[in-house]
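Step one of this worksheet: look at the structure below.
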There are 2 protein chains.
Amino acid sequence: MTEVTEGLDQQVSDLVFAYDAAYGRAAQTVSLSAAQACLLEHLTADGCSMGELAGELLCDASNVTQLVSRLEARGLVARVPDPADRRIKRVSITPAGQRVRDAVRRAFDFPSDRLGRLTQPERHQLAALLAKVLA
Amino acid sequence: MTEVTEGLDQQVSDLVFAYDAAYGRAAQTVSLSAAQACLLEHLTADGCSMGELAGELLCDASNVTQLVSRLEARGLVARVPDPADRRIKRVSITPAGQRVRDAVRRAFDFPSDRLGRLTQPERHQLAALLAKVLA
DNA sequence: TATTGTTATACTCTATAACTATA
DNA sequence: TATAGTTATAGAGTATAACAATA
């Protein structure tokens with residue numbers, strides 16, 4: 001049993017390593033860092049504030065400022081001041097940003113290459129197990 | 001079914017995010033970056049060459065040089081020239097490095113906090129599914 | 001006075017290119 | 001000449017502290 005547990009820990013570690021590597025490669029295909037692609041992926045239709053993004057990405061607001069500035073310089077996002085509270089800036093994705101984001105999604109082959117090895121019943125099994133782990 | 005697949009993709013993404021965050025926090029408890037802790041974790045008893053480490057960590061050799069230099073400056077690893085081929089330097093972990101590595105392992109609460117939510121049969125199930133995904 | 005975001009700064013991660021030492 | 005590793009350099013990620021604008 002200890003063996004199984006240690007084996008499982010290692011497997012999860014391997015999974016995370018493979019996932020991160022695949023995500024980095026996908027981002028690189030459009031000259032984005034993983035952090036930039038991740039931010040792009042977190043943007044909602046109505047636009048997120050800088051603070052909300054920092055909270056979701058678990059990083060400092062000053063870091064978000066830099067990431068958004070680089071994405072904005074490439075025309076992938078825009079800062080829109082909130083009319084109701086002009087301290088707040090909402091970050092929205094531009095059409096060019098949507099195209100780049102879609103390209104990252106298409107290039108990200110982990111779901112199809114790896115999770116695609118499971119049958120449909122196995123996917124349900126895995127989903128149930130992960131639900132418990134992530135609850 | 002599409003719903004389930006998309007849900008599964010998101011769950012795996014959430015798992016990776018939670019894992020990475022937990023690992024970073026664990027490393028931070030001993031003032032290591034995640035990259036430094038990861039290198040420390042990859043060291044074997046006989047010592048890895050710089051090139052082997054670069055291969056395992058999927059990064060450039062010059063990056064390994066810097067990481068090892070910082071760990072060496074803290075007395076956590078040592079560079080030992082290979083007697084058979086003096087171009088090669090084997091990186092070995094010091095007793096202080098072992099203590100720090102163990103501290104990271106103890107502080108890394110993901111396996112106990114998250115995987116610990118599964119029963120033993122569920123762990124076997126998950127291990128079997130991950131074996132297929134990682135094969 | 002409190003909050004949102006930015007700026008200045010510093011350190012780390014990471015890669016590329018040029019270099020040294022050894023084979 | 002080829003290989004292992006380092007150095008120099010540069011761009012990006014990240015946090016802290018100080019700051020500006022707004023509430």
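Remember, it's a predicted structure, so these values are computed and weren't measured experimentally. Numbers restart at 1 for each chain; the letters A, B, ... are given by sequence-line order, proteins then strands.
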Distance, rounded to the nearest Å, where Leu53(B) contributes CG and dT6(D) contributes P: 11 Å
Met50(A) CE - dA15(D) P separation (whole Å): 14 Å
Atom CZ of Arg70(B) to atom C1' of dT7(D): distance rounded to whole Å? 13 Å
What's Gln66(B) touching, base or sugar-phosphate or nothing? Going by heavy atoms closer than 4.0 Å. base
Calculate the interatomic distance between Leu39(A) atom CG and dA12(D) atom C1'; express it in whole Å. 14 Å
Nearest heavy-atom pair of Cys38(B) and Leu57(B): which atoms, and what distance? SG-CD2, 4.1 Å
Ignoring backbone atoms, test whether Arg87(B) places a side-chain nitrogen or oxygen under 4.0 Å from the OP1 or OP2 oxygen of dT6(D). no
Does dG13(D) have OP1 or OP2 sitting under 4.0 Å from an N or O in the side chain of Ser33(A)? yes
Starting at the 5' end of DNA chain D, which residue's closest nucleotide do you reach first, Asp85(B) or Arg86(A)? Asp85(B)
Assign Arg79(A) to base, sugar-phosphate, or nothing according to its heavy-atom contacts below 4.0 angstrom with the strands shown. sugar-phosphate
Could you walk me through whether Val16(B) and Ser13(B) satisfy the side chain to side chain contact (heavy atoms under 4.5 Å, CB included) test, starting with their C-alpha distance in whole Å, then the side-chain angles of each, then the deciding distance to 0.1 Å, before giving a yes or no? CA-CA 5 Å; Val16(B) 170; Ser13(B) 172; 5.9 Å; no
Of all the choices, dT6(C), dT14(D), dA17(C), which nucleotide is nearest to the side chain of Asn63(A) once you look at every atom? dT14(D)
Integer-rounded Å distance: dA12(D) P and Leu57(A) CG: 18 Å
Could you walk me through whether Lys132(A) and Thr119(B) pass the side chain to side chain contact (heavy atoms under 4.5 Å, CB included) check? CA-CA 10 Å; Lys132(A) 203 168 172 186; Thr119(B) 65; 4.0 Å; yes
Salt bridge (charged side-chain N to carboxylate O under 4.0 Å, His left out) assessment of Arg105(B) paired with Asp102(B): CA-CA 5 Å; Arg105(B) 287 176 184 171; Asp102(B) 289 346; 3.8 Å; yes
Nearest-neighbour nucleotide for the Ser62(A) side chain, dA15(C), dG5(D), dA15(D) considered: dA15(D)
So does Lys89(A) get a side-chain nitrogen or oxygen closer than 4.0 Å to the phosphate oxygens (OP1/OP2) of dT6(C)? yes
Test of understanding: with side chain to side chain donor-acceptor pair (under 3.5 Å), list the residues that count as partners of Glu72(B), not counting sequence neighbours. Arg79(B)
Atom-to-atom span, CD of Glu72(B) to P of dG5(D) - whole angstrom: 14 Å
Asp60(A) near the nucleic acid: base, sugar-phosphate alone, or nothing, with a heavy-atom cut-off under 4.0 Å? base
Quickly work out the Asp82(B) CG to dT3(D) P distance and round it to whole Å. 17 Å
Which part of the nucleic acid, if any, lies within contact of Ser49(B), taking any heavy atom under 4.0 Å across all strands shown: a base, the sugar-phosphate backbone alone, or nothing? sugar-phosphate
Could you work out which one of dA4(D), dG13(D), dT14(C) sits closest to the side chain of Leu67(B)? dT14(C)
Rounded to whole Å, how long is the line connecting atom CD of Glu52(A) with atom C1' of dT3(C)? 14 Å
